[in-house]
Student: 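Structure below; questions to follow.
Just so it is clear, the model here is predicted, and its values are computed rather than measured. Numbers here are sequence positions counted from 1.
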Amino acid sequence: MGKLGGVPPLAVDTALAVSFTVVSVLLGQKPPPEGWGHLQLDAVGYALIGMVNLPMVARRTAPVIVLVLICGAWTVFIAAGYWPVVNSLGPLLAVYTVAATRPVRTAVAGAALMGIVWVYAGRMGEQSSMATVVAQSLVFPAVMCRFGFTARQSTERAERLAELTEQLRREQEEREQRAVAEEKGRIARELHDVVAHHMSVISVQSGMAGYVFTADPSTAREALDTISDTAREALEEMRRMLQVLRVGQDEPDSYSPMPRLARLGEMVERVRGAGVSVELQVAGEARPLAPGVELCAYRIVQEALTNVVKHAPAARTAVLVEYESDQLTVSVSNDGGRTVPATIAPLGGHGLIGMRERARLYGGTVEIGPLAEGGFSVRLILPTSARTGSSRYGQS
């Protein structure tokens, strides 16, 4: 009983009231059937027609009152000697509205009221068959009640569906927020390991600088330069970690080496062992990068290959790592294979959320989506520091 195609309910009801009034007036212009003995419409009859039909403007806000008013005016119209059929549409719609908006008991009472007026109208007709009149007084209100009950059930189902849809949307947002928080927490813990690596480098280099400070000043100076650069990177990693840090469950310390791009070959071999065809290519001159940058690229490749194993195990997959002067580009693409499209959500999913969070953390971008020729692609672009060299981490 809400808006109809964006039109306010009051406008709809006003149009119905006017339309029913016009139809009743036009019907009243014709002479009653022969033998009925009813009066031709005059000024009083037209006024009563308006009293029967125009109250339908308020049928949604006060359906029971409107039904009583309509039936009362219709009774006066019949008692005055006018043809009852002229005003029969308004009471039918009033009964329907009560059934669609009020409890069953009220709707049954309203239908009974209309049935009584209908029988009264039949008794006023000279050619009326009482059996037919009684049957009509039972069937017509019952049919309108049935239509009203069905409309009310449909409205209640629609409202319930809208509530469930809104609840589902809220739950989905909450899940995504939790996923982002959990992923940021995991990233922060990994960045903690990166910072710990930097601190280890600083500790080793400071010890060596102190050992050779007087015997080999040039070596001590190199160690101090390494300490300065490493401390600067450690502070940057700590800043990133504080940006994403969330309180989470404690995890046991891991003493395994920090994942680096040099270990992508091992990952590819493991994926091949799962039955997926994967090829790894490296373009440009490979060079050590900041540990956080390499960890970011490694994890995104890992997540992309995990999605291939889950959703397109029969696809041929290519991993391309491109070293450029000021950026690192990593892409993972597949030809689709026996991919089930319904299992891939290009704009959602916890893994894809994690990819975007990692890329954003290091000032990079990640493009995720289907390929025009078929298949799926993940492309990561990360800015890098050309100053990073192997000598700074070789002694850690």
Student: Given 3.5 Å as the limit, does a donor-acceptor pair link the side chain of Trp74 with the main chain of Pro84, or not?
Tutor: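 It does hold such a pair.
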
Student: Rounded to the nearest 0.5 Å, what separates atom CE in Met56 from atom CG in Leu16?
Tutor: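 Reported to 0.5 Å precision, the distance equals 6.5 Å.
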
Student: Shared ILVMFWY cluster between Val66 and Leu69, side chains joined below 4.5 angstrom?
Tutor: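 Val66 does not cluster with Leu69.
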
Student: Checking the side chain of Thr75 only, and the main-chain atoms of Cys71 only, is there a donor and an acceptor separated by less than 3.5 Å?
Tutor: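 Yes, because the side chain of Thr75 sits within donor-acceptor range (under 3.5 Å) of the backbone of Cys71.
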
Student: Apply the test side chain to side chain contact (heavy atoms under 4.5 Å, CB included) to residues Tyr298 and Arg263: give CA-CA distance (whole Å), side-chain angles for both, the deciding distance (0.1 Å), then the verdict.
Tutor: CA-CA 8 Å; Tyr298 182 93; Arg263 299 181 60 188; 4.1 Å; yes

Student: Could Glu303 and Arg299 be called an ion pair, given the rule that one side-chain N must be under 4.0 Å from one carboxylate O?
Tutor: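 Salt bridge between Glu303 and Arg299, a charged N being under 4.0 Å from a carboxylate O: no.
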
Student: Taking all non-hydrogen atoms of both residues into account, name the closest pair between Pro141 and Val95 and its distance.
Tutor: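 That closest heavy-atom pairing would be O-CG1, 4.0 Å.
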
Student: Do Leu138 and Met130 belong to the same hydrophobic cluster, where Ile, Leu, Val, Met, Phe, Trp and Tyr are linked whenever their side-chain heavy atoms lie under 4.5 Å apart, directly or via other members?
Tutor: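 Yes; tracing contacts between hydrophobic side chains, which count when under 4.5 Å, links both residues.
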
Student: May I ask you to decide if Val366's main-chain N or O and Arg379's side chain share a donor-acceptor pair within less than 3.5 Å?
Tutor: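 No.
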
Student: Can Phe140 be reached from Phe20 by stepping across I, L, V, M, F, W or Y side chains whose heavy atoms are under 4.5 Å apart?
Tutor: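 They do share one cluster, since a chain of ILVMFWY contacts under 4.5 Å joins Phe20 to Phe140.
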
Student: On a heavy-atom basis, which atom in Val276 and which in Ala315 lie closest, and how many Å separate them?
Tutor: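 Heavy atoms of Val276 and Ala315 come nearest at CG1-O, 4.1 Å.
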
Student: When you look at CD of Glu173, are more than 12 heavy atoms from neighbouring residues, nucleotides or ligands closer to it than 6.0 Å?
Tutor: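 Yes.
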
Student: Compare all side-chain heavy atoms of Trp118 with those of Ser88 and state whether any distance is below 4.5 angstrom.
Tutor: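 Answer yes - side chains close enough.
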
Student: Before accepting this row, confirm whether a basic side-chain N of the pair Glu174/Arg169 lies closer than 4.0 Å to the acidic partner's carboxylate O.
Tutor: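 Salt bridge between Glu174 and Arg169, a charged N being under 4.0 Å from a carboxylate O: no.
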
Student: Quick check for you: to the nearest 0.5 Å, what is the distance between Thr101 atom OG1 and Arg60 atom CZ?
Tutor: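 Between atom OG1 of Thr101 and atom CZ of Arg60 there are 9.5 Å.
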
Student: Could you give the distance from CZ (Phe149) to CE (Met144), rounded to the nearest 0.5 Å?
Tutor: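 Between Phe149 CZ and Met144 CE, I get 12.0 Å after rounding to 0.5 Å.
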
Student: Any idea which heavy atoms bring Val293 and Leu289 closest together, and the distance?
Tutor: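 Looks like CG1-CD1, 4.2 Å.
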
Student: For the CG atom of Leu89 and the CG atom of Leu93, what is their distance to the nearest 0.5 Å?
Tutor: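 Here the interatomic distance stands at 9.0 Å.
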
Student: Would a hydrophobic clustering, with Ile, Leu, Val, Met, Phe, Trp and Tyr connected at side-chain separations under 4.5 Å, put Val86 with Met51?
Tutor: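 Per the 4.5 Å side-chain linkage, Val86 and Met51 are co-clustered.
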
Student: Is there a side-chain contact between Val143 and Arg146, using heavy atoms and a 4.5 Å cut-off?
Tutor: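 Side chain of Val143 against side chain of Arg146, heavy atoms only: no contact under 4.5 Å found.
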
Student: Testing the basics here: between Cys145 and Ala107, what is the closest heavy-atom pair and its distance to 0.1 Å?
Tutor: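 Taking Cys145 first and Ala107 second, the nearest heavy atoms are SG-O, 3.8 Å.
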
Student: Under a 4.5 Å cut-off applied to non-hydrogen side-chain atoms, are Val330 and Ile300 in contact?
Tutor: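 They are not in contact (no side-chain heavy atoms under 4.5 Å apart), so the answer is no.
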
Student: Decide yes or no for Leu261 and Tyr323: does some side-chain heavy atom of the first lie under 4.5 Å from some side-chain heavy atom of the second?
Tutor: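 With C-beta onward as the side chain, the pair touches.
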
Student: Quick check: closest heavy atoms across Leu382 and Gly364, and the distance to 0.1 Å?
Tutor: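 So the two residues come closest at CD2-CA, 3.9 Å.
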
Student: Other residues, nucleotides and ligands only: do more than 12 of their heavy atoms fall within 6.0 Å of CZ on Phe147?
Tutor: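 Open: at most 12 neighbouring heavy atoms sit under 6.0 Å from CZ of Phe147.
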
Student: Gln281 and Val319: side chain to side chain contact (heavy atoms under 4.5 Å, CB included), yes or no, with the steps?
Tutor: CA-CA 6 Å; Gln281 295 182 347; Val319 179; over 6 Å; no

Student: Does a side-chain N-to-carboxylate-O contact under 4.0 Å join Arg170 and Glu166?
Tutor: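 Yes, Arg170 and Glu166 are salt-bridged.
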
Student: Atom CG of Leu280 and atom OG1 of Thr317: how far apart are they, to the nearest 0.5 Å?
Tutor: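 OG1 of Thr317 is found 12.0 Å from CG of Leu280.
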
Student: Is the closest side-chain heavy-atom distance between Thr97 and Leu67 below 4.5 Å?
Tutor: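 No, side chains not in contact.
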
Student: Would you find more than 12 non-hydrogen atoms of other residues, nucleotides or ligands less than 6.0 Å from Glu163 atom CD?
Tutor: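 Enclosed: over 12 neighbouring heavy atoms sit under 6.0 Å from CD of Glu163.
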
Student: Are any non-hydrogen side-chain atoms of Met114 and Leu92 less than 4.5 angstrom apart?
Tutor: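 Yes, at least one pair of side-chain atoms sits under 4.5 Å.
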
Student: Do the side-chain N and O atoms of Arg287 and Thr384 include a donor-acceptor pair separated by under 3.5 angstrom?
Tutor: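 Per modelled atom types, Arg287 and Thr384 side chains form a pair under 3.5 Å.
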
Student: How close do Pro63 and Val98 get, heavy atom to heavy atom, and via which atoms?
Tutor: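 Shortest heavy-atom contact: O-CG2, 3.6 Å.
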
Student: I'd like to check Thr155 versus Glu159 (side-chain heavy atoms, cut-off strictly below 4.5 Å). Are they in contact?
Tutor: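 The answer is yes, as the side chains (C-beta and beyond) meet within the 4.5 Å cut-off.
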
Student: Hey, what do you get for CG (Leu264) to CD (Glu269), rounding to the nearest 0.5 Å?
Tutor: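 With rounding to 0.5 Å, CG (Leu264) is 12.0 Å from CD (Glu269).
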
Student: Answer whether the closest heavy-atom distance between the side chains of Ile368 and Phe376 falls below 4.5 Å.
Tutor: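 Sidechains of Phe376 and Ile368: in contact.
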
Student: Does Leu371, at its CG atom, have more than 12 non-hydrogen atoms belonging to other residues, nucleotides or ligands within less than 6.0 Å?
Tutor: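 Yes.
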
Student: Membership question, hydrophobic clusters at under 4.5 Å side-chain separation (ILVMFWY): are Val108 and Val64 in the same one?
Tutor: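 Result: no, two separate clusters.
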
Student: Any sub-3.5 Å donor-acceptor pair from Asp335's side-chain atoms to Arg316's backbone N or O?
Tutor: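 Such a contact is found between Asp335 side chain and Arg316 backbone.
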
Student: Using a 3.5 Å distance criterion without hydrogens, assess whether the side chain of Glu322 forms a donor-acceptor pair with backbone atoms of Ala283.
Tutor: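 Between the backbone of Ala283 and the side chain of Glu322 there is no qualifying donor-acceptor contact (under 3.5 Å).
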
Student: Would you say Glu324 and Thr329 are linked by a side-chain donor-acceptor pair, where the criterion is simply a distance under 3.5 Å?
Tutor: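 There is such a pair between these side chains.
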
Student: Judged by atom type as modelled, is there a donor-acceptor pair below 3.5 Å linking the side chain of Gln327 to the main-chain atoms of Ile381?
Tutor: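 Not a single qualifying donor-acceptor pair exists.
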
Student: Side chains of Asp42 and Tyr82 only: does a donor on one sit below 3.5 Å from an acceptor on the other?
Tutor: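 Note: Asp42 and Tyr82 side chains meet the donor-acceptor criterion.
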
